Number of protein chains: 2
Amino acid sequence: MGRVFGVMNRFLSNATNRIDAKGRVSVPAPFRAVLAQRDIQELYCLQDLVFPAVSVGGPDLLERYERQIAQADPFSPEANAMSLLVHGGGVYMRLDAEGRLMVTDFIRDFTGVTTEVTFVGRSDHFQLWQPQAFHEAQAAARAGRATFAARPA
Amino acid sequence: MGRVFGVMNRFLSNATNRIDAKGRVSVPAPFRAVLAQRDIQELYCLQDLVFPAVSVGGPDLLERYERQIAQADPFSPEANAMSLLVHGGGVYMRLDAEGRLMVTDFIRDFTGVTTEVTFVGRSDHFQLWQPQAFHEAQAAARAGRATFAARPA
DNA sequence: TGGGACCATATGGGCGTCAATGGGAAGCCG
DNA sequence: CGGCTTCCCATTGACGCCCATATGGTCCCA
């Protein structure tokens, strides 16, 4: 195998792939490379806390969320809601031999994807988005960010 | 080979190159020299927050943004949105053996470039612009009006 | 000082490889 | 027995890697 470059060991950038007649979609090769490098074979999926997107990562993703829940006040509505999402909404998935995953109703219902899926890198995990929703969310984030950009950090 | 002069270790000035039939464009040699001097082999690209331009730099460019994210609560909506921009909107690129890069739809859509690309030095990184948009933005900056109209959808 | 050789950059294009996609066939669970 | 899933193989279109050419500028030398 070729050399793995220093910063490519994170999930970065985005790509949109088609869902085939059987409901499968290819995970972009760069993302699969990251998964392979981290020895991640079992994928854990859960809903994003603020966006209509499904987060996908290894078991470490689940652990990160559980730590966050543990830190919060156990009686707070936030911790309660998070536990509901993380523990009640989480799903395990596997890739097939060609590096594709099944787009289940869980994914379709929450993200709104129908024919295409946008894979979005999030550094330590990646997300599945309905293409249009991703573009809109990014445009909104940029707009909100630009208003503060004028001020020095 | 020759001695590298102090002033050449930064991205300065601008140049416009053509996009060929395969969608490639040569990065100006002075910029490539800076990249080589800094040992930058993988390029990190991100949409500018205020201009219709794509910023290109080394891994340090990404790390600068990531430091900002790290300062916020990792589960906050703000950090989430920021990561959506930096990780989801960022792209890694490599130059081919001749020092060219692919002009992807990502670049075309955001900058509006079609047949030519203007490379603009920004000291620690450089940017890709649609030639006319660059001239207009520069003229506006010269006139002292930093405000820039929203670009057309 | 003018001409010409030399050189680096920008550009064009062929070709092989790999990823994305499509579809068949066998296996599993209802 | 039927639908759905999993494994496997075929296709194709894009991208990376390679070499060729042109063009403009610089340097050297007469």
Side-chain angles (χ1 to χ4, degrees), chain A residues 1-5 8 11-37 41-43 45 56 91-108 113-121 126 128-129 131, chain B residues 1-5 8 11-37 40-43 45 56 91-109 113-121 126 128-129 131:
Chain A
M1 284 186 93
R3 177 172 175 266
V4 176
F5 293 93
M8 286 178 84
F11 297 101
L12 196 66
S13 102
N14 65 88
T16 300
N17 287 340
R18 236 174 286 155
I19 300 176
D20 68 18
K22 295 183 178 178
R24 303 170 297 184
V25 66
S26 292
V27 174
F31 287 6
R32 298 201 312 253
V34 176
L35 292 175
Q37 191 208 342
Q41 289 155 6
E42 210 167 30
L43 298 177
C45 313
V56 183
V91 166
Y92 276 106
M93 297 193 105
R94 286 182 61 233
L95 300 185
D96 68 12
E98 287 75 34
R100 294 180 279 199
L101 59 82
M102 283 291 302
V103 181
T104 62
D105 284 342
F106 165 72
I107 294 172
R108 293 177 194 268
V113 301
T114 53
T115 61
E116 287 188 329
V117 178
T118 296
F119 293 80
V120 180
F126 63 90
L128 311 181
W129 284 71
Chain B
M1 316 303 208
R3 178 169 175 274
V4 177
F5 294 93
M8 291 178 70
F11 298 101
L12 287 179
S13 97
N14 67 88
T16 300
N17 287 339
R18 261 197 260 160
I19 301 176
D20 68 19
K22 295 171 80 171
R24 304 169 297 185
V25 65
S26 292
V27 173
F31 287 6
R32 297 202 312 255
V34 177
L35 293 175
Q37 191 214 343
I40 295 175
Q41 288 164 1
E42 7 174 47
L43 299 176
C45 311
V56 183
V91 167
Y92 266 117
M93 301 197 94
R94 298 203 53 184
L95 301 185
D96 68 12
E98 288 74 33
R100 292 177 285 197
L101 58 83
M102 282 289 303
V103 181
T104 61
D105 285 342
F106 163 73
I107 294 172
R108 292 177 194 268
D109 293 344
V113 301
T114 54
T115 61
E116 287 189 330
V117 177
T118 296
F119 293 80
V120 180
F126 63 89
L128 312 181
W129 285 73

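Sequence lines set the chain letters: A, B, ... in the order given, protein chains first and strands last, and positions in each chain run from 1. Keep in mind that what you see is a predicted model, and the values were worked out from it rather than measured.
Of all heavy-atom pairs between B:Met93 and B:Ile107, the closest is SD-CD1, 4.2 Å. The minimum heavy-atom distance between B:Phe31 and B:Leu12, with the atom names listed, is CE1-O, 3.2 Å. Between B:Pro28 and B:Phe119, the shortest heavy-atom contact is CD-CG, 3.4 Å.
A donor N or O paired with an acceptor N or O is not found under 3.5 Å between the base of C:dT21 and the side-chain atoms of A:Lys22.
Whole-Å rounding puts the A:Arg18 CZ to C:dT21 C1' distance at 7 Å. When rounded to the nearest whole Å, the span between CZ of A:Phe31 and P of C:dA20 equals 11 Å. B:Gln41 has its CD atom 12 Å from the P atom of D:dC17, to the nearest Å. The distance between atom CD of A:Glu98 and atom P of C:dA19, rounded to the nearest whole Å, is 12 Å. B:Leu95 places its CG atom 15 Å from the P atom of D:dC18, with the value rounded to the nearest Å. Straight-line distance from the CE atom of B:Met102 to the C1' atom of D:dC15: 7 Å, rounded to whole Å. We find that CG of B:Asp96 is positioned 11 Å from C1' of D:dC15, with the value rounded to whole Å. Whole-Å rounding puts the B:Leu101 CG to D:dG16 C1' distance at 14 Å.
Residue contacts for B:Val25: at a heavy-atom cut-off of 4.0 Å it reaches no nucleic acid atom on any strand shown. Counting any heavy atom pair closer than 4.0 Å across all strands shown, B:Asn17 reaches sugar-phosphate atoms only and no base atom. Within the nucleic acid shown, A:Ala97 has no heavy atom closer than 4.0 Å to any nucleic acid atom. Residue A:Arg24 is classed as a base contact, given a heavy-atom separation below 4.0 Å to a base. Within 4.0 Å of A:Arg32, counting heavy atoms only, lie sugar-phosphate atoms of the nucleic acid but no base atom.
Between the B:Arg100 side chain and the B:Leu95 main chain, no donor and acceptor come within less than 3.5 Å of each other.
Between B:Pro131 and the choices B:Thr115, B:Asn14, B:Thr16, the side chain to side chain contact (heavy atoms under 4.5 Å, CB included) rule is met once, by B:Thr16.
Nearest nucleotide to the side chain of A:Ser26, out of C:dC15, C:dA10, C:dT21: C:dT21. Which of C:dA20, C:dG13, D:dC7 sits closest to the side chain of B:Arg100 comes down to C:dG13.
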